[in-house]
Amino acid sequence: MYFLGFDWNPEGTLFKLGFIQIKYYNLLWIAAFVVGWFIMKKIFENEKRSMEKLDSLFIYTVVSIMLGARLGHVFFYDWDYYQNHLVEILLPIRESANGNLFGIINGYEFTGFTGLASHGATIAAIIGMWLYCRKWKDIKMLWLLDRLVIPSAIGACFVRLGNFFNSEINGRIVDKSYFLATRFIRDSDDMPAYKAMQLTKETTENAAYKAIQHNPDFANVLESIPYRHPAQLYEAICYIFVFVILYQLYWKTNKKDKPGYLFGLFMALLFIVRFVVEFFKKSQGGFEDSLGDVLTTGQWLSIPMIIIGLFFMFRPPLEKE
């Protein structure tokens, strides 16, 4: 791997167990929740909260974030497709002419859960925490959100790394000489799987992509794939800094005692990062065409999140707090 103009062509699947595929993307999501649990365990111990409440919080968090992230992608970015494929919204499958699901269902393939949106995850997480606080009435919602954003920041980093392994949410075209310029051989727009298989005459997409990268006979095909910004890495690196800032403020200052401040800071920083990185991403679709090409769908969705964050950072405290 080179820092200037390198090829990126991972299979995305770590290993297979029968028809079940264990993907890097799914493992990084699992890592995000596991690391998050350990961080929240340390916080709960510091604040003398019971482990029973932490275990309950873990369930609420996983369900709300995964469901919200999925529905966010479906409705914000790809409703034109999913309105005709409703069964695929909550199942890890996708229609495929040559697919064979579990060896018995033709026309579908197992994909794992892909297509998840951070805006939907954020909205659903807040709703999930509201429901959690209704169950555990001694836990205030802003108290919880101020602490939950710390593992959420590092979790967002893991998710973007997963996107990088999946060669999805790639950046705009850039010159090969640009720092970190990346040729995503599996980019779904530049070289979709069906096209790679047609050009190479290979019977599987993995074999086709490997042939394009390594077989001299397809050097011209490889050269036709443009270099792009690795926008996922830009975002992941920025989220590490967001995590460090929140972590230090929690443990080293009294900002955690101002209800809503850390939550607001998280919302502002995270979605400012998202807003800026969108300038380096290729279009992800959604409703941006109907609002003009000034901003992307991700940027339009980030603006209210930033405003909400600033409100909680600078709002006057309430007497009951």
Side-chain angles (χ1 to χ4, degrees), residues 1-16 21 23-28 73 77-78 80-81 94-99 109 111-112 114-116 157 159-238 274 276-286 288-289 293 296-299:
M1 180 183 295
Y2 302 94
F3 287 109
L4 298 177
F6 66 89
D7 292 335
W8 186 244
N9 187 28
E11 292 187 13
T13 300
L14 184 59
F15 58 88
K16 296 182 179 180
Q21 302 177 37
K23 296 177 176 288
Y24 291 104
Y25 183 72
N26 301 129
L27 288 177
L28 283 162
H73 172 80
Y77 292 97
D78 211 5
D80 287 343
Y81 173 82
R94 195 170 184 88
E95 187 174 326
S96 173
N98 299 319
E109 62 179 347
T111 60
T114 58
L116 303 170
C157 172
V159 171
R160 283 297 176 252
L161 291 176
N163 295 138
F164 184 65
F165 273 100
N166 269 6
S167 297
E168 60 189 4
I169 316 183
N170 300 327
R172 300 178 188 271
I173 294 175
V174 69
D175 189 82
K176 177 181 179 180
S177 62
Y178 185 82
F179 179 69
L180 286 180
T182 307
R183 182 157 54 190
F184 293 95
I185 296 175
R186 294 171 186 255
D187 186 286
S188 59
D189 294 320
D190 298 331
M191 186 56 61
Y194 76 87
K195 182 178 179 181
M197 294 168 68
Q198 287 176 352
L199 290 171
T200 62
K201 309 304 181 184
E202 297 286 352
T203 57
T204 66
E205 63 180 73
N206 286 329
Y209 285 125
K210 286 181 180 179
I212 289 173
Q213 183 179 11
H214 299 295
N215 191 330
D217 292 341
F218 304 110
N220 290 336
V221 176
L222 180 63
E223 287 300 317
S224 70
I225 301 174
Y227 287 87
R228 294 182 176 275
H229 285 283
Q232 317 95 318
L233 294 185
Y234 301 165
E235 208 166 337
I237 292 169
C238 290
R274 178 66 188 274
V276 173
V277 174
E278 284 287 320
F279 285 113
F280 299 94
K281 291 180 183 177
K282 66 178 181 180
S283 173
Q284 302 300 307
E288 59 196 51
D289 291 339
D293 57 1
T296 68
T297 299
Q299 287 173 322

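All residue numbers in this chain count up from 1 along the given sequence. These numbers come from the heavy atoms of this one structure, side chains and all, not from hydrogens, waters or symmetry mates.
- Put simply, CG on L28 and CG on N166 are 9.5 Å apart, with the number rounded to the nearest 0.5 Å.
- A salt bridge is defined here as a Lys NZ or Arg NE, NH1 or NH2 lying under 4.0 Å from an Asp or Glu carboxylate O, and K210 with E11 meets this definition.
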Inset, instruction - Start with the C-alpha distance between E235 and N163, add both sets of side-chain angles, then the distance that settles side-chain hydrogen bond (donor to acceptor under 3.5 Å, both in side chains), and finish with yes or no. - result: CA-CA 11 Å; E235 208 166 337; N163 295 138; over 6 Å; no

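- Residues E202 and A207 approach most closely at OE1-CB, 3.7 Å, considering heavy atoms.
- Of the inter-residue distances, the one linking I225 atom CD1 with D187 atom CG reads 8.5 Å to the nearest 0.5 angstrom.
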Inset, instruction - Quick one: do R186 and N170 satisfy side-chain hydrogen bond (donor to acceptor under 3.5 Å, both in side chains)? Show the steps, please. - result: CA-CA 10 Å; R186 294 171 186 255; N170 300 327; over 6 Å; no

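- Screening residues 216-226 for salt bridge (Lys or Arg N to Asp or Glu O under 4.0 Å), with sequence neighbours left out, gives R183-E223.
- To the nearest 0.5 angstrom, F184 atom CZ is 8.5 Å from W8 atom CH2.
- Note that the CG atom of D7 and the CG atom of L222 stand 5.5 Å from one another [nearest 0.5 Å].
- With rounding to the nearest 0.5 angstrom, the NZ atom of K281 is 7.5 Å from the OG1 atom of T296.
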Inset, instruction - Begin with the C-alpha distance, continue with both residues' side-chain angles, and end with the deciding distance and a verdict on side chain to side chain contact (heavy atoms under 4.5 Å, CB included) for L161 and Y24. - result: CA-CA 9 Å; L161 291 176; Y24 291 104; over 6 Å; no

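- Partner Y234 forms a ring pair (Phe, Tyr, Trp, His ring centres under 6.0 Å) with one of F179, F164, F280 and no other, that one being F280.
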Inset, instruction - Test I212 against N9 for side chain to side chain contact (heavy atoms under 4.5 Å, CB included), laying out the working first. - result: CA-CA 10 Å; I212 289 173; N9 187 28; over 6 Å; no

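- Looking only at atom types and distance, the side chain of D175 has a donor-acceptor partner in the side chain of S177 under 3.5 Å away.
- With rounding to the nearest 0.5 Å, the separation of CD in E168 from CZ in R160 is 8.5 Å.
- Within the 3.5 Å criterion, the main-chain N or O of Q198 finds no donor-acceptor partner in the side chain of T200.
- Partners of D190 under the salt bridge (Lys or Arg N to Asp or Glu O under 4.0 Å) rule, at least two apart in sequence or in another chain, are R228.
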Inset, instruction - For L199 and M191, run side chain to side chain contact (heavy atoms under 4.5 Å, CB included): C-alpha distance rounded to whole Å, both residues' side-chain angles, the deciding distance at 0.1 Å, then the answer. - result: CA-CA 10 Å; L199 290 171; M191 186 56 61; 4.1 Å; yes

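- Side-chain N or O atoms of Q232 include none that pairs as donor or acceptor with a backbone N or O of G162 at under 3.5 Å.
- Residues Y227 and Y178 place their aromatic rings such that the two centres sit no closer than 6.0 Å.
- Enclosure of atom OH in Y81 by more than 12 non-hydrogen atoms of other residues, nucleotides or ligands within 6.0 angstrom is indicated.
- When all heavy atoms are compared, the tightest approach of A236 to C157 is O-SG, 3.5 Å.
- Taking F279 as the reference, F275 meet the ring pair (Phe, Tyr, Trp, His ring centres under 6.0 Å) condition, with sequence neighbours excluded.
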